[in-house]
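Notes follow once the structure below has been shown.
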Amino acid sequence: GQNIDQPTEMTATEGAIVQINCTYQTSGFNGLFWYQQHAGEAPTFLSYNVLDGLEEKGRFSSFLSRSKGYSYLLLKELQMKDSASYLCAVVTGANNLFFGTGTRLTVIP
Amino acid sequence: KAGVTQTPRYLIKTRGQQVTLSCSPISGHRSVSWYQQTPGQGLQFLFEYFSETQRNKGNFPGRFSGRQFSNSRSEMNVSTLELGDSALYLCASSRSSSGGPDGELFFGEGSRLTVL
């Protein structure tokens with residue numbers, strides 16, 4: 001089976017930096033997505049990694065290590081609107097997409 | 001351009017009934033995926049359709065089925081509803097069905113099903 005692990009909840013302060021980790025064990029690997037989901041809303045795309053290394057997009061960066069089965073999402077200069085769930089999703093060797101259970105981030109003043 | 005549209009947004013059914021949910025993807029997207037979202041389980045993959053063919057299926061019982069039409073619109077059906085089927089059902093469309101940037105999913109707002 002596929003296994004994707006993320007912390008369930010995290011809390012961070014406005015203006016700070018937070019790192020949300022994701023570890024995975026899947027049947028093959030063809031890429032990893034991060035999605036953001038605000039309460040009561042649909043998930044929206046944040047980033048995609050298929051090669052090792054860091055992808056930076058404004059305040060958000062995503063890192064991948066294929067050999068370690070590990071990714072993280074880095075959020076800088078946190079804002080209150082960043083309070084949301086962050087979903088890690090892995091594309092397996094058969095091109096199936098599996099989601100982790102998500103990390104609920106709360107940003108406090 | 002218009003996003004992914006799901007109908008109905010909310011519905012209440014009783015055990016044993018069946019339900020059909022509809023999804024209209026973004027124009028030009030040929031892949032439609034369905035997910036069940038519950039607080040404890042997160043997003044669980046149901047199935048994916050690409051050009052009217054079921055390409056992948058998740059680990060759900062046969063009571064869950066779907067189809068895709070020639071215009072890429074998709075429906076999913078759940079028969080003999082159980083209390084545990086209460087969830088948010090999300091539909092997502094993408095340009096392609098493979099992993100990669102073109103596999104980015106665009107989600108609809110979901111259909112919230114309550115089974116009493």
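Here the structure is a predicted model, which means the values were calculated and not measured. Order of the sequence lines sets the chain letters (A, B, ...), proteins ahead of strands, with each chain counted from 1.
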Straight-line distance of [X] [atom1] to [Y] [atom2], nearest 0.5 Å:
X: B:K57; Y: A:N96; atom1: NZ; atom2: CG; result: 12.0 Å
X: B:F106; Y: A:F45; atom1: CZ; atom2: CZ; result: 8.0 Å
X: A:F98; Y: B:F45; atom1: CZ; atom2: CZ; result: 7.0 Å

Q. Taking A:Y35 for the side chain and B:L105 for the main chain, is one N or O donor matched with an acceptor at less than 3.5 Å?
A. yes

Q | Pick from A:L97, A:T92, A:N49, A:V90 with the largest number of heavy-atom pairs that fall under 4.5 Å of chain B | A | A:L97

Find out if a path of hydrophobic residues (ILVMFWY) with successive side-chain heavy-atom gaps under 4.5 Å connects [X] to [Y].
X: A:I20; Y: A:L64; answer: yes
X: A:F99; Y: B:L88; answer: yes
X: B:L113; Y: B:L21; answer: yes
X: B:V4; Y: B:L46; answer: no

Q. Which answer fits A:L87, side chain, backbone, both or neither, if we ask what part of it has an atom under 4.5 Å from a heavy atom of chain B?
A. side chain

Q.
Does B:N71 have more than 12 heavy atoms from other residues, nucleotides or ligands lying within 6.0 Å of its CG?
A. yes

**Q.** B:R15 atom CZ, neighbour heavy-atom count above 12 within 6.0 Å
**A.** no

Q: Return the option, out of B:Q37, B:Q44, B:Q41, with the maximum number of heavy-atom pairs under 4.5 Å with chain A.
A: B:Q37

Q | Heavy-atom pair of closest approach, residues A:A42 and B:G108 | A | CB-O, 3.0 Å

